A.B. asks: 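Sharing a structure, written as structure tokens. Questions coming.
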Amino acid sequence: AIGPLRYLSATRLNFGTARSSESALWSLAPHDISMALAAIRAASPSCLRRRRPAAPLPALAVAAASGSDVLGFGHADLASVTLRHRGGVGCGGEGCGACGGLSGGGRVEEVRVDLRVGWLHPHKERKFVAVGTSGMVVYDDSRAGREKVMLVRYLAEEPAAGGGGGAEGPVGLRKVEEAAIGAEGDAEPLREVLRCFAAAVAARERGGAGKEAEEAEGEEGEEEARA
């Protein structure tokens, strides 16, 4: 719906309870790193979306990071981090040893991830934006109902050709669609995560390995912690 994924942005700011034993980055950013990893995995060829794919997706690498210890506890109360998913991994199509071409080929391109977190901000801001080559998906916690998640599709107008035949001048951006695509109601994300975890535990106790159990495997948590 938005074309190949190129950029992710997450903002998690509030005037809330500060912690003297850990930074705002370590306390708040794992939620958004988890969503970034899920978005990158979802945008990948299906044979690379498995929990243990033949060609694992490259890990997120820190490109830049900064923080401010305003309260003097020795930890950042406000932090900004830029992560880079270098891409370059792809499905080999018919020659792919993982799927034999059933995924239809394709590659994971480089994706930049910008995170801003903090508990010393005058207003609550919780947003997650995924930008592709033809559209964007925006999660905005301040909105209600279906408008919590918005799809925006756009077109980039061709710039005017210069005298030498090259493209010059400003590029016009035009929205061609804007639609609310969120679920009805206002279910709390953390409540839904706990519900899923409880279902996974119950599935394991029954000796099953259904969808709920698979989603609770620890590889993604390890990848988040490493990032």
Side-chain angles (χ1 to χ4, degrees), residues 2 5-44 57-87 108-132 136-145 147-152 181-183 186-197 215-216 218-227:
I2 65 171
L5 182 65
R6 291 291 186 270
Y7 176 76
L8 296 168
S9 171
T11 304
R12 189 177 293 266
L13 301 168
N14 200 1
F15 187 77
T17 302
R19 291 173 172 80
S20 60
S21 59
E22 63 181 0
S23 71
L25 180 67
W26 186 255
S27 178
L28 303 175
H31 304 285
D32 299 315
I33 292 174
S34 174
M35 290 195 291
L37 291 170
I40 293 169
R41 187 175 289 113
S44 307
L57 293 175
L60 290 171
V62 177
S66 63
S68 297
D69 175 16
V70 179
L71 300 178
F73 292 120
H75 304 285
D77 303 302
L78 297 158
S80 298
V81 177
T82 296
L83 301 170
R84 176 175 170 263
H85 181 274
R86 62 180 174 82
V108 183
E109 301 296 341
E110 180 173 324
V111 179
R112 171 175 165 151
V113 183
D114 284 335
L115 307 178
R116 291 179 62 220
V117 296
W119 46 54
L120 196 59
H121 192 271
H123 306 292
K124 180 179 179 179
E125 293 183 33
R126 288 185 183 172
K127 289 184 179 180
F128 189 87
V129 181
V131 181
M136 298 167 274
V137 174
V138 182
Y139 169 80
D140 186 345
D141 190 58
S142 67
R143 296 196 175 197
E147 290 192 350
K148 273 188 180 291
V149 184
M150 299 291 296
L151 169 66
V152 179
I181 60 172
D186 289 306
E188 293 181 53
L190 183 56
R191 185 185 297 274
E192 291 300 300
V193 169
L194 292 174
R195 182 197 60 76
C196 179
F197 180 74
E215 289 180 347
E219 285 84 353
E220 186 171 333
E222 181 182 355
E223 193 173 355
E224 293 165 28
R226 188 182 303 115

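Computed from a predicted structure; not experimentally measured.
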A.B. asks: If you compare all heavy atoms of Arg19 against all heavy atoms of Ser27, which two are closest, and at what distance to 0.1 Å?
C.D. replies: NH1-OG, 3.6 Å

A.B. asks: Under 4.5 Å between any side-chain heavy atoms of Thr11 and Val129, yes or no?
C.D. replies: no

A.B. asks: Indicate the atoms forming the closest heavy-atom contact of His75 with Ser20, along with that distance.
C.D. replies: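 Scanning both residues, the minimum pair turns out to be CD2-O, 3.1 Å.
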
A.B. asks: For a quick test of reading the model, state the closest non-hydrogen atom pair linking Ala130 to Ile2 and the distance between them.
C.D. replies: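 Answer, listing the atom of Ala130 first, then Ile2: O-CD1, 4.0 Å.
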
A.B. asks: How long is the gap from NZ on Lys148 to NZ on Lys127, to the nearest 0.5 Å?
C.D. replies: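 Between atom NZ of Lys148 and atom NZ of Lys127 there are 12.0 Å.
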
A.B. asks: Under a 4.5 Å cut-off applied to non-hydrogen side-chain atoms, are Arg112 and Arg84 in contact?
C.D. replies: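 Not in contact.
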
A.B. asks: Is there a side-chain contact between Leu8 and Ile40, using heavy atoms and a 4.5 Å cut-off?
C.D. replies: yes

A.B. asks: From Leu78 CG over to Leu28 CG, what is the distance, rounded to the nearest 0.5 angstrom?
C.D. replies: 10.0 Å

A.B. asks: Tell me, with the steps shown, if Leu120 and Phe15 meet side-chain contact (heavy atoms from CB on, under 4.5 Å).
C.D. replies: CA-CA 5 Å; Leu120 196 59; Phe15 187 77; 4.1 Å; yes

A.B. asks: For residues Thr17 and Trp119, determine if any side-chain heavy atom of one lies less than 4.5 Å from a side-chain heavy atom of the other.
C.D. replies: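 A side-chain contact is absent here, since even the closest heavy-atom pair is not under 4.5 Å.
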
A.B. asks: Distance check, rounded to the nearest 0.5 Å: Asp32 atom CG versus Arg126 atom CZ?
C.D. replies: 9.5 Å

A.B. asks: Any side-chain heavy atom of His85 sitting closer than 4.5 Å to one from Val113?
C.D. replies: no

A.B. asks: Could you tell me whether the side chain of Val131 reaches within less than 4.5 Å of the side chain of Arg6, counting heavy atoms only?
C.D. replies: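 No, too far: nothing below the 4.5 Å cut-off.
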
A.B. asks: Between Ala24 and Gly118, which heavy-atom pair has the shortest distance, and what is it?
C.D. replies: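 Looks like CB-CA, 4.0 Å.
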
A.B. asks: State the CD-CG distance between Glu147 and Asp140, to the nearest 0.5 angstrom.
C.D. replies: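 It is 9.5 Å, given to the nearest 0.5 Å.
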
A.B. asks: How about His31 and Val117: do any of their side-chain heavy atoms sit closer than 4.5 Å?
C.D. replies: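 With C-beta onward as the side chain, the pair stays apart.
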
A.B. asks: Report yes if the side chains of Asp141 and Phe128 come closer than 4.5 Å at any heavy-atom pair, otherwise no.
C.D. replies: no

A.B. asks: Give the minimum heavy-atom separation between Gly67 and Ala76, together with the two atoms involved.
C.D. replies: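 Looks like CA-CB, 4.1 Å.
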
A.B. asks: Roughly how far, to the nearest 0.5 Å, is CG of Asp77 from CG of Asp69?
C.D. replies: 5.5 Å

A.B. asks: Can you tell me how far OG of Ser21 sits from CZ of Phe73, rounded to the nearest 0.5 angstrom?
C.D. replies: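 If I round to the nearest 0.5 Å, the distance is 10.0 Å.
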
